[in-house]
Amino acid sequence: MTDAPVKDMKDIVALCKRRGFIFQASEIYGGINGFWDYGPLGTELKNNLRDAWWRDMVLCPPIGPDGQPVEIVGLDSAIIQNPQVWVASGHVGGFSDPMVDCKETKKRYRADHLNVIKASDAQWVAVNEGNEQEEVEKRFKKLNIKYDASYATVSLVDVDLKDYSKIIGPDAKEAGSLTEPKAFNLLFETKIGAVASEDSTAYLRGETAQGIFINYKNILDSARVKVPFGIAQVGKAFRNEVNPRNFIFRSREFEQMEMEWFCPPEDAPQWFEFWKEERRKWWKSVGLSDNDVIFREHDADELVFYSKGTFDIEYRFPFTAPGYGELEGIAYRGNYDLTQHQEHSGTKMEYIDPMDNKNRYIPHVIEPAAGLTRGVLAILCEAYTVDPSRPSGVYMNFTPAMAPKKAAILPLTAKGEHPEIATKLYLELRQHFAIDLDIKQNIGKRYARQDEIGTPYCFTIDDETVENGTVTVRERNTMAQERIHLDKVLAFLQEKING
RNA sequence: GCGGGUGUAGCUUAAUGGUAAAGCACCUGCCUUCCAAGCAGGCUACGAGGGUUCGAUUCCCUUCACCCGCUCCA
């Protein structure tokens with residue numbers, strides 16, 4: 001725990017806009033709630049994070065617990081699939097939580113989390129599903145209604161609408177304050193074909209994971225993979241959030257980095273531990289500090305019914321502090337998804353062990369599912385550093401690998417040979433890295449600008465460069481300078497960025 | 001979805017029932033040999049839609065967006 005100054009979300013959002021990281025979507029039309037556009041620097045940053053994930057998951061994944069390299073292949077599935085996919089996954093129907101509001105107390109409840117106890121024909125009492133007997137009795141006492149354990153109890157979702165007037169809400173005093181349940185279907189609907197008709201409804205994917213499950217068979221048959229193996233995918237997902245909040249943290253369109261790890265059921269616990277450990281290491285490697293990241297095992301009552309364990313990696317965002325917000329969930333999903341798709345599609349999802357041809361099973365799945373856009377937000381928040389001692393007053397402390405610009409080339413003056421040498425160096429370096437060339441205005445302004453966008457190194461060309469071919473390297477965090485020869489600049493950057 | 005707040009330029013703030021001022025930033029030029037310096041010039045705003053009014057950025061209504069709290073987050 002450190003006493004670092006509290007970072008103000010307002011300032012971070014303002015810098016993101018000012019410098020071209022993230023803009024409100026459709027801003028010139030007054031915006032649109034829950035959507036964001038990534039500007040030039042935000043796009044670079046997001047790509048850097050995405051590429052690091054792809055490299056560390058697909059191209060160069062970790063060594064497994066048995067000392068062998070693990071095998072993970074990539075996928076890029078369609079955003080729109082046959083609507084049956086989402087029926088099988090449970091996103092259509094099962095997960096569209098009906099909500100009721102209480103007009104008296106202004107509270108909102110999930111209808112499937114409320115029970116109704118029929119004390120008499122005219123007096124029905126709604127209580128939270130999880131309430132103990134004791135709490136229920138207390139509630140009845142408060143309402144001055146006699147309690148009897150033999151009263152019929154039903155879930156609110158099974159109560160007829162015309163009986164709602166008899167129900168006293170869980171926190172209300174009077175009956176009839178609950179509104180009729182409203183279904184919140186979190187999936188975006190769209191119509192396929194130029195002419196919309198009743199049966200042309202399809203859905204934008206609510207997660208990238210289902211694209212992986214429905215391609216599991218294809219990949220098994222084509223990619224020469226053997227269980228255990230993984231399939232990884234990065235891409236957009238869409239959820240019709242009731243209430244988008246907190247900049248890009250909860251938005252209706254976002255980007256995920258998901259990997260499904262298929263393994264024999266008996267090995268699943270071992271792999272679960274393995275991926276928990278690997279993923280926590282990874283988030284550190286992209287620059288998130290130990291002080292602001294926690295790892296949280298879900299309690300049994302938080303788990304969805306098919307999950308045999310979920311482990312969250314969470315970051316202390318300025319808007320959640322002192323609490324945390326989720327970056328990645330590592331879930332042990334059993335064989336729920338493959339079984340669902342087997343049942344709904346009629347396609348066998350069994351894996352036959354090629355070693356003995358006898359051992360048949362539906363693989364179990366460990367799912368490390370990370371939010372790419374949430375990762376970007378965490379890195380932005382982490383990097384934002386207030387420093388009154390420098391002209392910009394603030395700098396972005398990105399790791400060199402995450403920084404949208406790796407270096408800036410700055411001729412000290414716009415005269416003589418300075419710009420010429422600078423341009424030559426720029427043309428060489430940009431073949432390897434994202435590089436800025438900035439000739440205009442005085443050097444102080446240019447350093448300040450680079451600080452605000454988090455460029456780790458500035459190379460400055462001056463008269464001495466003309467004389468002996470050396471440039472100054474200015475390091476972002478310390479503002480310290482050293483001279484190196486022009487010939488060494490590329491090697492210097494390669495060493496700093498690639499390690 | 002509920003309650004509260006906010007909305008004038010990229011940012012921070014003015015003024016006004018008669019269409020808006022400044023500082024910083026940004027751009028151009030000059031000048032500058034290392035941290036937003038100086039000089040000259042330039043661009044940019046009343047969130048949107050209605051209503052009242054001769055006239056609305058100002059008053060009223062609606063709406064949109066953002067912030068805080070509640071709710072929600074499979």
Side-chain angles (χ1 to χ4, degrees), chain A residues 8-11 13-20 23-36 86 89-110 112-113 171 179 182 184-187 206-207 209 239-247 249-252 254 302-307 310 319 325-326 329 331 333 336 369 371 387 389-395 410-416 418 440-452 458-467 471-474 476 478-481 483:
Chain A
D8 191 337
M9 219 40 222
K10 259 199 188 103
D11 298 333
V13 173
L15 185 141
C16 282
K17 183 183 178 186
R18 185 168 71 246
R19 290 302 180 192
F23 307 118
Q24 165 89 61
S26 306
E27 196 182 47
I28 62 169
Y29 288 102
I32 179 167
N33 194 338
F35 297 88
W36 301 89
W86 303 104
S89 71
H91 288 79
V92 175
F95 291 134
S96 59
D97 313 319
M99 309 289 302
V100 293
D101 291 312
C102 178
K103 286 179 281 194
E104 181 186 324
T105 62
K106 305 294 184 199
K107 291 199 179 217
R108 164 176 288 182
Y109 311 91
R110 274 178 65 163
D112 58 333
H113 284 183
D171 302 283
T179 62
K182 276 172 256 180
F184 285 87
N185 192 338
L186 256 33
L187 290 185
E207 59 178 25
R239 294 182 194 183
N240 223 337
E241 294 289 351
V242 174
N243 193 357
R245 274 290 165 91
N246 293 322
F247 201 27
F249 182 77
R250 173 167 298 121
S251 50
R252 292 187 166 127
F254 56 101
E302 280 183 273
L303 293 176
V304 288
F305 66 92
Y306 52 79
S307 178
T310 295
F319 50 82
E326 184 185 344
R333 299 173 72 104
Y336 175 79
D387 177 7
S389 76
R390 66 178 70 207
S392 61
V394 66
Y395 65 101
L410 311 175
L412 191 57
T413 69
K415 285 195 176 152
H418 296 175
K440 302 283 180 173
Q441 296 184 318
N442 75 54
I443 193 71
K445 287 192 184 186
R446 286 179 281 163
Y447 283 147
R449 193 156 42 220
Q450 296 300 331
D451 280 348
E452 274 204 338
C458 292
F459 298 104
T460 303
I461 284 82
D462 58 12
D463 282 345
E464 216 177 314
T465 315
V466 180
E467 284 162 28
V471 297
T472 61
V473 188
R474 185 256 196 192
R476 177 194 62 210
T478 60
M479 297 189 276
Q481 299 188 0
R483 290 201 84 91

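Small disclaimer: the values here were computed from a predicted structure and weren't measured. In what follows, chains carry the letters A, B, and so on, assigned in the order in which the sequence lines appear, proteins first and then strands, with residues in each chain numbered from 1.
The partner of B:A45 is absent, by the rule that a Watson-Crick or G-U pair needs both atom distances under 3.5 Å. In this entry B:A21 has B:U13 as its Watson-Crick or G-U wobble partner, both defining distances falling under 3.5 Å. Summarising the base pairing, B:A65 is matched to B:U6 through a Watson-Crick or G-U wobble pair whose two defining distances lie under 3.5 Å. Across all strands shown, the partner of B:C39 is B:G29, judged by Watson-Crick or G-U wobble contacts whose two distances both fall under 3.5 Å.
Judged by closest nucleotide on RNA chain B, A:Thr472 is the one of A:Thr472 and A:Phe249 placed further toward the 5' end.
For A:Arg19, the listed nucleotide lying nearest its side chain is B:A36; candidates were B:C66, B:A36, B:C34. Side-chain atoms of A:Thr460 lie closest to B:C34 of the nucleotides B:C34, B:G1, B:A65.
When the C1' atom is used for both B:C34 and B:U57, the distance is 46 Å, rounded to whole Å. Nucleotides B:U63 and B:C54 place their C1' atoms 28 Å apart, quoted to the nearest Å. The C1' atoms of B:U58 and B:C26 are separated by 30 Å, rounded to the nearest whole Å.
There is a side-chain donor-acceptor pair under 3.5 Å between A:Gln441 and A:Arg449.
Rounding to whole angstrom units, CD of residue A:Glu241 and P of B:U71 are separated by 16 Å.
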